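Data block below; observations after.
In what follows, chains are A, B, ... by sequence order, proteins preceding strands, each numbered from 1. Only a predicted model underlies this, so the values are computations on that prediction, with no experimental measurement involved.
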There are 2 protein chains.
Amino acid sequence: MSSAGRSLDGGSQVQVAAAAKGIPEATIARLPVYLRALTSLADRGIDTISSGALAEAAGVNSAQLRKDLSYLGSYGTRGVGYDVEYLRFQIGREVGSAHEWPVIIVGLGNLGTALANYSGFTSRGFRVVAMVDPSPDLIGKRIHGVAITDLADLEEEVARTGAAIAVLATPAEAAQAVADRLVYLGVTSILNFAATVLAVPDGVNVRKVDLGQELQILAYHEQRKSDDVQRELERGGTAQ
Amino acid sequence: MSSAGRSLDGGSQVQVAAAAKGIPEATIARLPVYLRALTSLADRGIDTISSGALAEAAGVNSAQLRKDLSYLGSYGTRGVGYDVEYLRFQIGREVGSAHEWPVIIVGLGNLGTALANYSGFTSRGFRVVAMVDPSPDLIGKRIHGVAITDLADLEEEVARTGAAIAVLATPAEAAQAVADRLVYLGVTSILNFAATVLAVPDGVNVRKVDLGQELQILAYHEQRKSDDVQRELERGGTAQ
DNA sequence: AGAAGTTTGTGAACGGTTGCACAAACTCCG
DNA sequence: CGGAGTTTGTGCAACCGTTCACAAACTTCT
């Protein structure tokens, strides 16, 4: 049924329609990281950088960085390195920050509101063009000049703004119903913050971000650390 | 990533049982998902479930689920399935939701505040025991009964609460400096929402959540979809 | 009790990802 | 201009994660 692409990072799952272009999923997930590192470098006036230095800034192995970039093309110069501005342009084009993506946010509780205010979206080529929520207390409120409208008007809002990307920050119970409506309206990418697994048809991409889950993964490692110490202490008198 | 597996301590022959336990990182990342699915099932009064049904609820392949669980032990019964309550207990114990983890949040802008209010933390065994921020406007404010204190008092707060897990929701510029202080104070797990790569010593676990990055990954696929349509049109429109 | 049906647990094959190691392509310097 | 030094791009091998497929262990039915 649903053939799912794979992720190595527990934080998110992607369902990919096809791997047409042939850039590995793992590489795609790292492109935004490179992009941010490059932007930071450009801001500091650096105009050329080696794979080693860029890799360190991005927190990856330098061979990995070079291989990743090689999927996009040969944008470096041997003996020199990469031109920061040029590489930034190329990766940006690939990732799609060339044009500005209209985004709709559904659910404006604490998290949704924080996301609406989040500057990291705008700075990376996304514009929040619509926000919907069922609560009368929120409808009409404005964030960065955009008014929150009724969840009931979801259909109109999507049609009006042409958003193809939606951010879901509703309670878990409401998420699937909203997702169904979004998919029906032609939305093909969903960033899901709700604590539930969404079922969507092929061709729709879903990435899940679950904040509690991230903490639990950390807690696992944390616990293992204390377990180790525990074992260490016990290994003084007792035979295992 | 810098998953710990090295000797944390030069001193004694620590030879950590870390790798000894040998649960793959990918499996660990899925355990919280299973846990949530099980909780939901328990709430609905279901007390036994097959790997197939649980896998569907968790959005994974059933063989994968069984293999994942097999790393923890043999908690199922052939011909029957898994006892929901028992399995939930076992996974919970493994993940560390047995005891309650104290968490400190650094940075209470929009995102940090949303996280402080996020119910998904408390419901999964985490308690926000301290919140720090440098802004005078925020210091003294209370969220769920806990007062925000000055970032300058970070040292005292960590010592007082014994938090080993920190959530970083500061601007990117401040993140590394805060992380250094946290690590120095003995914090060994950091959930990083700041848009920067943190450098930390071995033995410290960092998980990064970058909201903009997630959207960019979606945008990549979104763009490829339109590229495909474009090519399709140029070719004279043969439906694939 | 035995046969038929169900479901787990896991060995083995497969496919994707990572990292090494090195030739190729460039710069710099004498 | 040639040799020394630098850095990219990539074939290759090791590794990790996923999925298949099937024996083992259980339930149910006759």
Side-chain angles (χ1 to χ4, degrees), chain A residues 1-16 18-31 33-34 38 46-84 86-87 90-91 217, chain B residues 1-3 5 18-19 21-31 33-34 38 46-84 86-87 90-91:
Chain A
M1 205 195 320
S2 61
S3 63
R6 213 45 287 139
S7 67
L8 68 168
D9 206 343
S12 41
Q13 305 174 328
V14 202
Q15 296 176 346
V16 190
K21 183 112 184 209
I23 299 182
E25 200 51 38
T27 295
I28 292 163
R30 280 186 295 266
L31 292 182
V33 181
Y34 302 153
L38 287 167
I46 297 169
D47 56 353
T48 292
I49 192 159
S50 70
S51 63
L54 182 53
E56 184 172 348
V60 301
N61 180 296
S62 75
Q64 171 133 271
L65 171 72
R66 290 198 300 276
K67 177 148 288 190
D68 282 344
L69 295 183
S70 77
Y71 290 115
L72 311 188
S74 280
Y75 297 139
T77 310
R78 296 175 189 217
V80 180
Y82 300 90
D83 181 279
V84 171
Y86 182 59
L87 185 56
Q90 292 295 350
I91 298 181
I217 296 171
Chain B
M1 298 284 160
S2 66
S3 241
K21 188 101 189 209
I23 300 183
E25 204 46 42
T27 295
I28 292 163
R30 281 186 295 266
L31 292 182
V33 181
Y34 301 154
L38 286 168
I46 298 168
D47 56 354
T48 292
I49 192 159
S50 72
S51 64
L54 181 53
E56 185 172 348
V60 301
N61 179 295
S62 75
Q64 172 134 269
L65 171 71
R66 289 199 301 277
K67 175 142 287 191
D68 282 344
L69 295 184
S70 78
Y71 289 116
L72 311 189
S74 279
Y75 297 139
T77 308
R78 297 174 189 217
V80 179
Y82 300 89
D83 181 279
V84 171
Y86 181 57
L87 185 57
Q90 292 296 349
I91 298 180

Please pick, from [options], the nucleotide with the shortest atom-to-atom distance to any side-chain atom of [X].
| X | options | value |
| --- | --- | --- |
| A:Val80 | C:dT18, C:dT27, D:dA24 | C:dT27 |
| B:Arg30 | D:dT18, C:dC20, C:dA23 | D:dT18 |
| B:Ser50 | C:dC26, C:dT17, C:dT7 | C:dT7 |
| A:Ala63 | C:dA21, C:dT17, C:dG9 | C:dA21 |
| B:Gln64 | C:dT8, D:dT10, D:dT19 | D:dT19 |
| A:Lys67 | C:dA24, D:dG11, D:dT19 | D:dG11 |
| B:Arg78 | D:dT19, C:dT17, C:dT7 | C:dT7 |

So do [Y] and [X] actually touch side chain to side chain, heavy atoms under 4.5 Å?
| X | Y | result |
| --- | --- | --- |
| A:Gln90 | A:Leu72 | no |
| A:Tyr34 | A:Leu87 | no |
| B:Leu69 | B:Arg66 | no |

Exercise. Could you tell me the separation between the OH atom of A:Tyr82 and the CG atom of A:Leu65, rounded to the nearest 0.5 Å?
Key: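 Here the interatomic distance stands at 6.0 Å.
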Interatomic distance where [atom1] belongs to [X] and [atom2] belongs to [N] [whole Å]:
| X | N | atom1 | atom2 | value |
| --- | --- | --- | --- | --- |
| B:Tyr75 | D:dA25 | OH | C1' | 19 Å |
| A:Leu69 | D:dT7 | CG | P | 16 Å |
| B:Ile23 | C:dT10 | CD1 | P | 13 Å |
| B:Ile49 | C:dT6 | CD1 | P | 17 Å |
| B:Leu54 | C:dT6 | CG | C1' | 17 Å |
| B:Asp83 | C:dT7 | CG | C1' | 15 Å |
| A:Arg66 | D:dC12 | CZ | P | 17 Å |
| A:Gln90 | D:dT8 | CD | P | 17 Å |

Self-check item: Closest-nucleotide ordering on DNA chain D, the 5'-leading residue of A:Gly79 and A:Gly73
Solution: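 Residue closer to the 5' terminus by nearest nucleotide: A:Gly79.
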Quiz item: Can you check whether B:Tyr82 has a side-chain N or O nearer than 4.0 Å to OP1 or OP2 of C:dG9?
Solution: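 Yes, B:Tyr82 has a side-chain N/O under 4.0 Å of OP1/OP2 on C:dG9.
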Exercise. Using a heavy-atom cut-off of under 4.0 Å over every strand shown, decide if B:Tyr71 touches base, sugar-phosphate, or nothing.
Key: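 The answer is nothing, as B:Tyr71 stays clear of every strand by at least 4.0 Å.
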Quiz item: Going by atom types only, do A:Thr48 and A:Asp83 share a side-chain donor-acceptor pair under 3.5 Å?
Solution: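 Side chains of A:Thr48 and A:Asp83: no pair found under 3.5 Å.
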Quiz prompt | Upstream residue (5' side of DNA chain C) when A:Asn61 and B:Ser51 are each assigned their closest nucleotide | solution =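 Nearest nucleotide further toward 5': that of B:Ser51.
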